[in-house]
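Lettering of chains follows the sequences in order, A, B, ..., and the numbering in each one begins at 1.
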Amino acid sequence: MITLKNIVKAYDGKKESGRAVDGLNLEIRKGEFVALLGPSGCGKTTTLMMLAGLLKPTSGEIYFGERMVNHVEPKDRNIGMVFQSYALYPHLTVRDNIAFPLRERKMRKPEAYERAREISKIVQIDHLLDRKPAQLSGGQQQRVAMARALAKSPEILLLDEPMSNLDARLKLDVRDEIRKIQRDLGVTTIIVTHDQEEALAISDRVAILNDGRIQQYAPPNELFGQPVNLFVASFLGNPPMNLVPGTIVMSGGEQTIATSGFQYRIPRERQLDAAHIGKPVKLGLRPHDMTLTGADDPEAIPMRVDLVEHLGSGKLVKVTDPNKKLESMIRLLTDNETDVQSGDTVHLRVRADKFHLFDMTDNGLNLMQYR
Amino acid sequence: MSTSTLKKALVHTYMTLFTLPIIAMIVWYFLAATMNFTTHEVSMRNFDFLIKPVEYDGVELPLIWPIVLNTILYSLLIVAIEVGVSVPTAYAFSRLDFKGKRAAMKFLFLMRSFPGITLIIATFFILVQMNLVNTYLGVILVAITGSLPGRVYIMKGFFDEVPWDIEWAAMVDGTTRFGAFKKVLVPYVFSGIGAISVFSFLGAYGEWFLFKLLIFNDDMMTLAGYLSKLVTKENQIVNYGLITAIGLFYTLPVVVFYIFTQKMFMKVNMGGAKQS
């Protein structure tokens, strides 16, 4: 198990606000696949480098199991790492690249080569062993990097954006393979990525980072369905969540969200604490959590269609209120069969169990209870 | 004739025209060494210096072979010292943070741009004070002081090109920082090391001024000094045959050296890490 306790990393000459990592706590179970996900500059790579021992935390503690490893050199941590650039040694053949970490452990050459051959079979590059890295394609280089990281049977595998240099198609294959190899070997793996789809697809748990702090650390479906705050909600999802600013008011004895374009009554089972009444909020609606219904639905919100985009698997419909009071359009997804044209008036129905409310007086904390 | 062949022909003509004078010079070089231009008699007499000491117009030249040995030893020593010092220094300038780095870099640059020849009297004075005049140590110290800044500068450029990822990968793979330097970075910048080795070697091989200034014994001379001895007297009728013969002998190792090293330069291998 890996434990990060209150990790702070400040680069020299930077003030408090300039901390790359600012009080990060994380626990990773043995054999777990964890993704560190966030926008660039959120501290995810810095965190990975500290796990590798290439950077030393300014304060806080890193434990591998019971052992504090803050001052353990990278070479003594028993980690394998795949870099974004792959960082293969250009002067060595693929075989020597993979055997390099083994030779560093004073393993004898025939044994190291044998092991290199075994591991190269797993990643399907055993026919390339005599080549130099410059003679390989990007995908092959990526596999060599993977094989090199796995050769010494590391306790922890660190992946720093390992797929960002591959084309979209290859990415999907490599992603599945990495996941499969990780399962087979049972190695604790931490991947850093800015690609949310990749993170959600590949990992057991995802830690979403922003400004050097963990925003939420949970399994993918929980992150998506129950975001703890506005950042997580708006960061995840494509097309992104609609965020409509509004206020909570009492209307006819019912809690209602009043926005500039429409009013939405909060269902009884999701009522808020009375303290929130009168406060500014943002209403979060995922594009696929809304449907179009007929005019007879009393809950429906009348809207006008501004734009229809064809996505292939469905349509992305952009609507606004008839009086054009909303600051931004609301995006929703429909199937191809729904016939909507721009200029049409439609009726929007929000799934009562799927909307989110974020408290704008408290850094966008999610006000909704989900259980 | 298609345009591309015409283009090719033009380029070739152009290049040939510009290379002709150089080729003519080389041909003349060979001819002058072996042929008497007045009698048109071809002989190898000018190459007598290879087997016995030559006396020519009152200048007595010692046997050439000890001088050749001196030259080789001196040149290799300079290469070893310059590479041995400049590579780790350049690594430090490129990769490490230390106090006074910027100041040291500026000083390096100053040293590189300063014409060392203007300091020669002071240098001589200091060497006299240190009792290093007429010793190889003295010559070597003065020579590397002049050339090291440039070598460090070139090597630093090569180290700057090495992605951090490669160094980190080596450290994760089990090396110490020095191990990463030795096993991964040095091979990575190998072509750079080759380049400065060649520069160092050629610089040392052609060094005659410092020998003339700081070395008084003829038996400690190197080839460049040996050659320059032939043209020291003013108003002298120069024996071109002898000079070109010795000159040819002097050039040959450089040409051979070049033929072998240029292959290495062409084979610069920089792949393996995708720059992003």
Side-chain angles (χ1 to χ4, degrees), chain A residues 12-13 45 48-49 51-55 73-94 96-107 131-139 141-142 144-145 148-149 151-152 154 156-158 160-161 164-166, chain B residues 83 87 91 94-103 155 157-197 261 263-276:
Chain A
D12 299 333
T45 299
L48 199 75
M49 302 279 284
L51 281 167
L54 296 167
L55 290 175
E73 290 296 316
K75 69 186 176 71
D76 302 323
R77 291 195 181 197
N78 196 17
I79 44 177
M81 190 160 177
V82 175
F83 291 86
Q84 184 175 6
S85 68
Y86 312 140
L88 302 178
Y89 310 130
H91 62 292
L92 299 178
T93 60
V94 169
D96 284 316
N97 260 285
I98 301 174
F100 187 90
L102 302 171
R103 298 285 291 147
E104 283 304 310
R105 289 186 168 182
K106 308 284 176 264
M107 189 188 271
R131 300 243 193 119
K132 288 275 180 75
Q135 298 166 297
L136 303 178
S137 71
Q141 290 186 12
Q142 206 270 347
V144 177
R148 186 180 64 186
K152 59 179 169 183
I156 300 160
L157 180 63
L158 304 175
D160 184 8
E161 309 241 11
S164 61
N165 286 330
L166 303 178
Chain B
V83 170
V87 171
Y91 174 83
S94 171
R95 286 298 209 245
L96 306 179
D97 262 327
F98 52 89
K99 254 203 169 129
K101 180 172 162 179
R102 277 183 64 85
M155 276 322 291
F158 275 90
F159 277 114
D160 286 345
E161 292 291 307
V162 184
W164 270 105
D165 280 5
I166 292 246
E167 195 169 350
W168 284 331
M171 283 161 73
V172 169
D173 281 347
T175 67
T176 54
R177 185 132 198 206
F178 181 70
F181 169 74
K182 202 174 71 180
K183 289 172 186 156
V184 175
L185 269 86
V186 166
Y188 201 99
V189 299
F190 192 73
S191 54
I193 295 175
I196 60 162
S197 306
T261 50
K263 234 179 191 167
M264 189 182 76
F265 282 119
M266 294 301 159
K267 210 180 64 188
V268 179
N269 184 359
M270 282 292 174
K274 263 198 172 165
Q275 250 79 38
S276 52

Check: Should the heavy atoms of other residues, nucleotides or ligands under 6.0 Å from NZ of Lys101(B) be counted, would the total exceed 12?
Finding: yes
Notebook entry, point to check: Between Lys152(A) and Gly174(B), which heavy-atom pair has the shortest distance, and what is it?
Noted result: NZ-N, 4.5 Å
Check: Are Ile166(B) and Pro90(A) side-chain neighbours, meaning at least one heavy-atom pair lies under 4.5 Å?
Finding: yes
Notebook entry, point to check: To the nearest 0.5 Å, what is the distance between CD (Glu104(A)) and CE (Met171(B))?
Noted result: 12.0 Å
Checklist line | Residue selection (most heavy-atom pairs with chain B, distance under 4.5 Å) from Gln135(A), Glu73(A), Arg105(A), Met49(A) | finding: Met49(A)
Checklist line | From Ile98(A) atom CD1 to Asp173(B) atom CG, the distance as rounded to the nearest 0.5 Å | finding: 11.0 Å
Margin query: Taking the side chain as everything from C-beta on, heavy atoms only, tell me whether Met81(A) gets closer than 4.5 Å to Trp168(B).
Written below: no
Next item on the list: Determine whether Leu54(A) and Trp164(B) make a side-chain contact, defined as any pair of heavy atoms from C-beta on separated by less than 4.5 Å.
Entry: no
Next item on the list: Verify, without hydrogens or angle tests, whether Tyr89(A) (side chain) and Ala170(B) (backbone) share a donor-acceptor contact under 3.5 angstrom.
Entry: yes
